Amino acid sequence: MAEQRPTRLYFIDAMRAWAILMMLQGHFIDGLLDPVFRDPANALYRGWLYFRGITAPVFFTVSGFIFTYLLVRNPRRGWDNPRVRKGIRRGLQLILIGYLLRLNVLGLFKGQIYGAFWLVDVLHCIGFSILGVIAVYVLTIRKGPSLLLWILLGLGVVLFLFEPIYKVADYSYLPSALANYLSKANGSVFTIIPWMGYAFLGGVLSLLFTRYGHVRNLYAWAIGISVALGCLLIFKSSALFTWLHQISGVDLFQKIVDNNYLFIRLGDVFLVFAVFMLLRKWLTHGLLVEIGQNTLSIYVIHFIILYGSFTGFGLYRFFHHSLAPSAAITGAMVFMFVCTWIALWYDRHEIQVKTLVNRSLLFLWNQLKNRWRNLFNRILGIFGLARN
């Protein structure tokens, strides 16, 4: 008898919960740990650094997986699929929130928008990834999900393969607000290329789960294939590109080998998938699911507390690169708990909180409007054109 696959893949929620918690502790320790303790020769620090590098690839891959999974499970196709419009709203919302988190309200009162506002981060990239998946879906789904799968796979692989080229390209001809999506030269943490590639490949995995969901021993096959692919990518991908360079003479392959983090991290993602699929029967706890469903709230709250969004007053400002390991580790655990607790509390009191926030934003808007009106009237007054 075929193994029944639940409509909700709880192990994916658990992966997303794990990824956001690892992101919290990674940002906290990386931002606040004193550099004197960052010793690559220390096995514990080296291990932490490696696992921290897994977090973002897992987060992007799972985000692409979840959105594509929900998108294609709807029986309606193309623009008739309500998930398309919902996804467009979601993608634009993530991009907007990404900008708002870098907004300094105090600067607005001074009539300034600081350069950091235009930097690109995780939310911008995930937002554009969702819009990218939707675009490919709308253009191909009428011809069947197979074409969608192959195009997403091709886009993901191409983004990874040509990373050495577009990473060093000159984007100075673009306005910095646009160049920040393609280059880290101005301080962007992530760029849409190559990070959209992980989301596209996550979409490929979700399509495979959708297609083979009722195959006998699905998880046994999925775990075995994930482990095999993960090990091959981690331990053999560099050798493969070295061989391709030797037989073809194409310098691109050697450049990939010189900094082969994308394919190796993809291998790590496959191994993480394998672990969570293996433990799937024990990952159905309500708290894990709830955390996995509230990653956006957790991310926003962590950004405000750690980096001081809106006010500029966050932990990063007061404790930047100043903590000893014991304080950093303890603080990271408390930080994860506090951010998660606030997010879950918000989820249960969302209506009341939104009402309060809307009132506060209206008050802030009125204050800003009055200040700008007064400034405008003073300027007009210089020319004797002031209005009452």
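Keep in mind the model is a prediction, meaning the values are calculated, not measured.
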Student: Under the side chain to side chain donor-acceptor pair (under 3.5 Å) test against Asn180, which residue among Asn186, Thr191, Asp121 passes?
Tutor: Asn186
Student: Kindly give the heavy-atom pair with the smallest separation between Ala328 and Leu33, and that separation in Å.
Tutor: CB-CD1, 4.1 Å
Student: Say whether Asp347 and Ser297, considering side chains only, have a donor N or O and an acceptor N or O under 3.5 Å apart.
Tutor: no
Student: Give me the one residue out of Phe241, Phe253, Tyr198 that meets ring pair (Phe, Tyr, Trp, His ring centres under 6.0 Å) with Phe263.
Tutor: Phe241
Student: Using the rule ring pair (Phe, Tyr, Trp, His ring centres under 6.0 Å), only one of Phe128, Trp195, Phe200, Phe65 pairs with Phe60; which is it?
Tutor: Trp195
Student: For residues 146-158, which residue pairs pass the salt bridge (Lys or Arg N to Asp or Glu O under 4.0 Å) check, not counting sequence neighbours?
Tutor: none
Student: Is the distance from the ring center of Phe162 to that of Tyr166 below 6.0 Å?
Tutor: no
Student: Test: salt bridge (Lys or Arg N to Asp or Glu O under 4.0 Å). Region: residues 224-242. Which pairs qualify, not counting sequence neighbours?
Tutor: none
Student: Hey, is OH on Tyr45 packed in by over 12 heavy atoms from elsewhere, all under 6.0 Å?
Tutor: yes
Student: For the pair Asp258 and Lys255, find out whether any cationic side-chain nitrogen is under 4.0 Å from an anionic carboxylate oxygen.
Tutor: no
Student: Kindly check if the number of other-residue, nucleotide or ligand heavy atoms within 6.0 Å of NE2 (His321) is above 12?
Tutor: yes
Student: Evaluate side chain to side chain donor-acceptor pair (under 3.5 Å) for Asp268 paired with Tyr50, printing each intermediate quantity in order.
Tutor: CA-CA 10 Å; Asp268 292 328; Tyr50 187 87; 2.9 Å; yes
Student: I'd like to know if Asp80 pairs up with Arg142 as an ion pair, taking the criterion as any Lys NZ or Arg NE/NH1/NH2 lying under 4.0 Å from an Asp or Glu carboxylate oxygen.
Tutor: yes
Student: Are there more than 12 heavy atoms of other residues, nucleotides or ligands under 6.0 Å from atom CH2 of Trp118?
Tutor: no
